[in-house]
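First the structure, in the form of structure tokens, and then the observations on it.
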Amino acid sequence: MINTLADITRTHRIDRPDEIALRVPDQRDWTFEQLDTDACTCANALRDAGIGEGGRIAFLAKNEPEFFLYLYGGAKLGAVSVAVNWRLAPPEMEYILNHSEAKVLLIGQEFLAHLDEMNLETVTKVVVVGEGGDRESYVAWIDSAASEDPQVEVGWTDTSYQLYTSGTTGLPKGVELTNRNFFEMLPAASHEWYFDEESVNLVAMPLFHIAGSGWGVVGLYNGGTNILLREADLVELLRLIETYEITNALLVPAILQFLLITPEAQETSFSSLRCMVYGASPITEEVLAGSMELMGCKFVQVYGLTE
């Protein structure tokens, strides 16, 4: 039974080890066995870096597959992942990293210049996705770590994930999500969103948002395949829907609006789509009706808060 983030890869490794869990188009696939093994390796590297139960580990990069290895690796230790909005200015990033008391930072190489502008008070380890230059790369960091599952007991009410609000009326607030927050919601939500173990789930929204990382958790929780889009390139998004026969997706109304005026959309087959979930901002009747006509699948509106 899946009651914690750590249970997702651990359970599906047993039940469906050879099924594709995570696919980065034209780059690499991870089976559930490979995903869990890499998460275990990451967990041991994190433990070697001093991370224990409740420790904060931060991620500052675009939609990279290492996020999921890091998320589930941290979960195996009872650590708490903090995904930082890469669209922020360096002082805003610095505030979140210091406020969360993150100890390990996994950062995309394109944001290293931002890092040079920050004064980080609690980060003791920086690991780079991609070429690290003078800093340690993710590949080098996990190279010598053990691959055994640490088997740390993690509780139902333990915090597993920490998101930050947009800070519209003040400084961003750190919102703690527990395993209970996730797994009391997911069984019912999965049904409402037409998920099952055959789902091919498009993860296209930024991972620092619940519509990105949380949506990715939904796909893997159900034993389906996540197709990861690094950033919202509309033509590439359309290609992925047709090429990989996407069944489930979550997009914000602005993306749907732009898709309607993208010429390639009229030539794309959406026949595999079961359900398009949309939310995070208002949608006009014109965009909703046009999208429903274009895609011909179920549309489900969601309303949520970081909280």
Using the ring of each side chain (for Trp, its six-membered ring), is [X] parallel, tilted or perpendicular to [Y], with breaks at 30° and 60°?
X: Phe67; Y: Phe59; result: perpendicular
X: Trp215; Y: Phe195; result: perpendicular
X: Tyr221; Y: Phe183; result: tilted

Nearest 0.5 Å, please: how far is [atom2] in [Y] from [atom1] in [X]?
X: Thr178; Y: Leu5; atom1: OG1; atom2: CG; result: 10.0 Å
X: Gln266; Y: Leu259; atom1: CD; atom2: CG; result: 10.5 Å
X: Ile241; Y: Leu251; atom1: CD1; atom2: CG; result: 6.5 Å

If we count only N and O atoms by modelled type, under 3.5 Å, do the side chains of [X] and [Y] hold a donor and an acceptor together?
X: Tyr278; Y: Ser291; result: no
X: Asn222; Y: Asp196; result: no
X: Asp38; Y: Thr41; result: no
X: Trp193; Y: Asn248; result: no

inquiry  = Please determine whether residues Val302 and Val287 belong to a single hydrophobic cluster, defined as Ile, Leu, Val, Met, Phe, Trp and Tyr linked transitively by side-chain heavy-atom distances below 4.5 Å.
reply    = yes
request  = Tell me whether Ile246 is reachable from Phe270 by hopping between hydrophobic residues (I, L, V, M, F, W, Y) whose side-chain heavy atoms are closer than 4.5 Å.
outcome  = yes
task = Show the numbers, then the answer: is there a side chain to side chain contact (heavy atoms under 4.5 Å, CB included) between Leu106 and Val129?
result = CA-CA 7 Å; Leu106 180 59; Val129 178; 3.6 Å; yes
Looking at [X], I want to see if its [atom1] is surrounded by more than 12 non-hydrogen atoms of other residues, nucleotides or ligands under 6.0 Å.
X: Lys62; atom1: NZ; value: yes
X: Gln109; atom1: CD; value: yes
X: Phe299; atom1: CZ; value: yes
X: Glu245; atom1: CD; value: no

task = Report the residue from Asn85, Thr165, Leu88 that forms a side-chain contact (heavy atoms from CB on, under 4.5 Å) with Pro172.
result = Thr165
